[in-house]
Amino acid sequence: MSSSASASSSKSKKRVGPDNDFKVGKQLKVLIVDDDDVSQTTHILFLQKCGVETLGVRNGNVAVNIHDITQMRFDLIFMNSVLPLMDGIQATKKLREMGITTMIVGMTNVNDKEEVRKEFMEAGLDDCYEKPLTPEIFRSLLEKLSNKA
């Protein structure tokens, strides 16, 4: 009896990460704001394999409008620094001014200067990483979110 209980328990939890060694206890929703199609698609596919609901948009203006007009909310937002129409710094500032408390993680490019990263963090980021994001970074962030009360 105990073996069937543990088997059904393990089937109901979603597994995360390349080694399938982390279990997500709840459905997470993630917004990815990136105009680089390859990067955005890679991040979306990885997160979807982890059981995460994702939405990808190509600029900061759309990210702000999603929150303002549709009232959609996410558990995590990945925000690229360089975006068309409204860059990641402006979009992050605007989201924070709107009262959005969602974890926002900035993504910088290799050629972004340290001043850009500093300004990005000051705009209201919770964390910032250089692209490409690794499975370990995703796992760490998803673990933080799934352990929130």
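What you are looking at is a predicted structure, and each value in this text was computed from that prediction instead of being measured.
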(request) List the steps, then state whether side chain to side chain contact (heavy atoms under 4.5 Å, CB included) holds for F46 with L133. (result) CA-CA 10 Å; F46 181 83; L133 302 184; over 6 Å; no
(request) Evaluate salt bridge (Lys or Arg N to Asp or Glu O under 4.0 Å) for R96 paired with D126, printing each intermediate quantity in order. (result) CA-CA 11 Å; R96 295 303 189 211; D126 293 285; 2.8 Å; yes
(request) Test F78 against F138 for ring pair (Phe, Tyr, Trp, His ring centres under 6.0 Å), laying out the working first. (result) CA-CA 10 Å; F78 285 105; F138 283 115; 5.4 Å; yes
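Rounded to the nearest 0.5 angstrom, L141 CG and L145 CG are separated by 7.0 Å. Rounded to the nearest 0.5 angstrom, I104 CD1 and M121 CE are separated by 11.0 Å. With rounding to the nearest 0.5 Å, the separation of CD in Q90 from CD in E119 is 9.0 Å. Note that the CD atom of E130 and the OG atom of S81 stand 10.0 Å from one another [nearest 0.5 Å]. Rounding to the nearest 0.5 Å gives a distance of 11.5 Å between CG of L142 and CD1 of I137. Between the NZ atom of K118 and the CG atom of D112 there is a distance of 16.0 Å, given to the nearest 0.5 Å.
Nearest heavy atom pair, residue V52 against residue Q27, reads C-NE2, 3.7 Å. For the pair I32 and H43, the tightest heavy-atom approach, listed with the atom from each and the gap, is CD1-CB, 3.8 Å. When every heavy atom of H67 is checked against every heavy atom of I100, the shortest pair comes out as CD2-CD1, 3.7 Å. The minimum heavy-atom distance linking L83 with G60 is given by the pair CD1-N, 3.7 Å. Scanning both residues, A123 and T92, for their nearest heavy atoms gives O-CG2, 3.7 Å.
Grouping the Ile, Leu, Val, Met, Phe, Trp and Tyr side chains by contacts below 4.5 angstrom, directly or via other members, places I89 with V64. Residues L47 and M103 are members of one and the same hydrophobic cluster, defined by side-chain heavy-atom contacts under 4.5 angstrom among Ile, Leu, Val, Met, Phe, Trp and Tyr. Note on L95: it does not cluster hydrophobically with I69, by side-chain heavy-atom contacts below 4.5 Å among ILVMFWY residues. There is a path of hydrophobic side-chain contacts, each under 4.5 Å, that joins V57 to M98. M107 is connected to Y129 through a chain of hydrophobic side-chain contacts under 4.5 Å among Ile, Leu, Val, Met, Phe, Trp and Tyr, so both are in one cluster.
Of the residues D34, V33, L31, D87, the one that meets the side-chain contact (heavy atoms from CB on, under 4.5 Å) test with M79 is V33.
Side-chain contact check for M72 versus L55: some heavy-atom pair is nearer than 4.5 Å. The shortest distance between side-chain heavy atoms of P132 and T42 does not fall below 4.5 Å. Counting heavy atoms from C-beta on, the side chains of V105 and I77 never come closer than 4.5 Å. Side chains of R73 and Q71 form a contact here, defined as non-hydrogen atoms less than 4.5 Å apart. With a 4.5 Å cut-off on side-chain heavy atoms, L28 and E53 do not count as touching. Residues T108 and F120 have side chains in contact (heavy-atom distance under 4.5 Å, counting atoms from C-beta outward). Within the 4.5 Å cutoff, the side chain of M86 has no heavy atoms near those of the V62 side chain.
Taking 4.0 Å as the cut-off between side-chain N and carboxylate O, D37 and R58 count as a salt-bridged pair.
A side-chain N or O of T54 and one of Q48 form a donor-acceptor pair less than 3.5 Å apart.
A donor-acceptor pair under 3.5 Å is absent between the side-chain atoms of N109 and the main chain of N111, judged by distance alone. In this structure a side-chain-to-backbone donor-acceptor pair under 3.5 Å is missing from S39 to D36. A distance-only check finds no donor-acceptor pair linking the side chain of T102 to the backbone of D75 [under 3.5 Å].
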